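In this text the structure is predicted, and so the values were computed from the model without any measurement.
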Amino acid sequence: MSVTITPAVLQDIADLRQLYFDVYGHGYPVPLGSDPAEMRRLITDPHTHWLVARRAGSDEPAGSVVVQTDPGTRIGKLVGLAVHPGHRHGGLAGRLTAAGCADALATGTVDSVYATVRVVTEGPQHVVVRNGFRPLGLMPNAVEVAGCESLALFVRYADGVLERRETVTRVPEPLAPLLAAAEAVAEVGYAEVGSAGARPVGTADTAPATPATTAMEIVAARSFVRRRFLERFPDPADRFFPLHSPNAILTPEDGAFEVYADLDPAARSCSLIAVHPHPAAMAHALEPLMAVVRRTGADYVETLLPLSDTTGLGAFLAAGFVPSALYPAMRRVGDRFHDYVVLSRTNRQIDFRTAVVSPLVRPYLSAYVRAWTATYLPLHEVVS
C-alpha cells in the first residue's frame with residue numbers, strides 16, 4: 001500500500017494517539033504519543049517538524065516521526081518514530097527518518113540531529129545509520145518502556161560541521177575506551193588526545209564541605225526552578241543542555257550546592273543539567289542525592305559536560321558516574337564546535353541479555369563495561 005508523507009495537523013491528534021498505542025501499547029514514555037496538550041503544542045511549534053505517513057486515499061496514519069529543534073543551540077532531536085505494524089518491512093521508517101531530518105536541516109538553523117535508539121531490536125539502529133547517523137554511545141538502563149531498557153546514541157551532522165571541531169588534547173583516563181570506540185566506528189578522530197590522569201576523590205580543589213551523609217531536599221516547583229536557574233546561570237554557556245529544562249532542584253539542608261535536574265517519572269530517568277556553584281561541590285554527596293532521585297521513581301541519572309572540562313569530568317567520575325556516550329561538535333561557539341560527553345549512573349542491576357546491539361554499537365558496550373569495571377570493580381581489590 002502506498003503512502004504520502006505530509007506535516008501533521010491538529011486534526012491528526014486522535015489518530016496519532018491510536019497509532020502510538022498500536023505500536024507501543026501503554027508503555028510509551030514520551031508525551032508526544034499520549035498527551036493531547038503536548039501534541040497540540042508540538043504540532044503548532046514552528047521549531048518542531050512533525051511528519052505523518054498517510055495511507056493512500058485516507059488520512060489514517062501509517063507512521064509518524066518528530067524532529068524537535070532548538071535554534072538557540074542549533075541542535076535537533078529525532079523522536080517519536082513509529083510505523084504501524086501493518087506497514088513494516090517496506091522501508092517506511094527510513095523514509096520518515098530521511099524526510100524529518102531533511103526538513104530540519106534545510107532550515108539552516110540546525111548543525112546536528114541526534115537520536116536515542118532502543119536496543120530491543122537491531123532494526124531501528126540500521127534505519128538511522130542508513131540515514132547518515134553515526135553511532136556514538138550506549139546508555140544502559142536509560143529508560144522505562146517495556147521494562148528497563150538501554151539506549152544507543154546516534155548523531156547526524158550538517159555538512160562541514162565535524163571539520164570545525166576544537167581540539168581537545170587531554171581527558172581523564174577513564175574516557176579513553178569511549179574515545180577509542182568513537183574513532184573506530186564513527187570515524188571521529190581522537191588520536192591526539194592524551195590522558196590527564198584520574199582525579200581521586202578528596203583532592204583539595206574538588207572536595208566539598210558537605211558530608212556524604214547529609215540530608216537532601218527536593219524543590220519541584222517548575223516555574224520557581226526555572227526562574228532560579230536563570231538567576232544562577234545568566235550565561236547561556238553555563239546552562240548548555242539542549243532540549244532539556246530543569247523542573248527540580250536537589251540541595252542539602254545547608255544549601256552548600258544546588259543541582260538542577262530534569263526529572264522524567266514516566267521514563268524513570270533524571271538529567272542533571274547544572275550544579276551551582278560547580279560540579280565538584282556535589283561530588284561527595286552523590287549517595288544522598290541519588291537516594292532523593294530514587295524516591296522520585298528515577299533509576300537512571302545522566303549529565304552532560306564538555307570533553308575539555310577535566311575538572312568537572314573528574315568530579316563526576318569520582319562520584320561513580322561512567323562515560324557512556326560522546327557528542328562530537330555538539331556546541332557551536334562562533335565558527336567552531338566543541339565536543340561533549342554523556343556520563344551516567346544507574347541504580348538498577350545492568351543486564352544486557354535482552355539487548356540486541358548491532359556491530360556498530362558493540363564497541364561502545366565494551367567501552368562501557370571496561371569503564372564500569374574500573375569504577376566499581378577495581379582489579380587491585382579483586383586480587384587482594
Review point. Going by an N to O cut-off under 4.0 Å, is there a salt bridge joining Asp339 and Arg165?
Key: yes
Review point. How about Gln349: does its CD atom have over 12 heavy atoms from other parts shown lying under 6.0 Å from it?
Key: no
Check your understanding: Relative to each other, are the rings of His276 and Phe233 parallel, tilted or perpendicular (30° and 60° limits)?
Key -> perpendicular
Review point. Between Arg331 and Glu166, is there a salt bridge with N-O shorter than 4.0 Å?
Key: no
**Study point:** NZ or CZ of Arg332 within 45° of Tyr157 ring axis and under 6.0 Å
**Key:** no
Exercise for review: May I ask you to decide if Ala186's main-chain N or O and Arg134's side chain share a donor-acceptor pair within less than 3.5 Å?
Suggested key: yes
**Study point:** Positive for ring pair (Phe, Tyr, Trp, His ring centres under 6.0 Å) with Tyr340, one of Tyr114, Phe240, Phe241, Tyr327
**Key:** Phe240
Review point. Is there a donor-acceptor pair under 3.5 Å between the side chain of Thr346 and the backbone N or O of Arg348?
Key: yes
Exercise for review: Return the orientation label for the Tyr20 and Trp50 ring planes: parallel under 30°, perpendicular over 60°, tilted otherwise.
Suggested key: perpendicular
Review point. Is atom CZ of Arg118 surrounded by more than 12 heavy atoms (other residues, nucleotides or ligands) closer than 6.0 Å?
Key: yes
Exercise for review: Answer yes or no: is there an ion pair linking Glu231 with Arg239, defined by an N-O contact shorter than 4.0 Å?
Suggested key: no
**Study point:** Verdict with reasoning, Arg295 to Glu217, per salt bridge (Lys or Arg N to Asp or Glu O under 4.0 Å)
**Key:** CA-CA 11 Å; Arg295 289 200 295 272; Glu217 299 177 337; over 6 Å; no
Study note, to complete from the structure: The residue among Asp159, Asp111, Asp335 that forms salt bridge (Lys or Arg N to Asp or Glu O under 4.0 Å) with Arg164 is Asp335
**Study point:** Main-chain N/O of Asn141 paired with Ser150 side-chain donor or acceptor, under 3.5 Å
**Key:** yes
Review point. Which word best sums up how the rings of His84 and His87 line up, parallel for under 30°, tilted for 30 to 60°, or perpendicular for over 60°?
Key: perpendicular
Practice item. With side chain to side chain donor-acceptor pair (under 3.5 Å) as the test, would you mind laying out the steps for Glu302 and Tyr300 before giving the verdict? Key: CA-CA 7 Å; Glu302 69 179 14; Tyr300 169 85; 2.8 Å; yes
**Study point:** Stepwise salt bridge (Lys or Arg N to Asp or Glu O under 4.0 Å) check, Glu60 with Arg54
**Key:** CA-CA 6 Å; Glu60 189 177 355; Arg54 308 176 192 276; over 6 Å; no
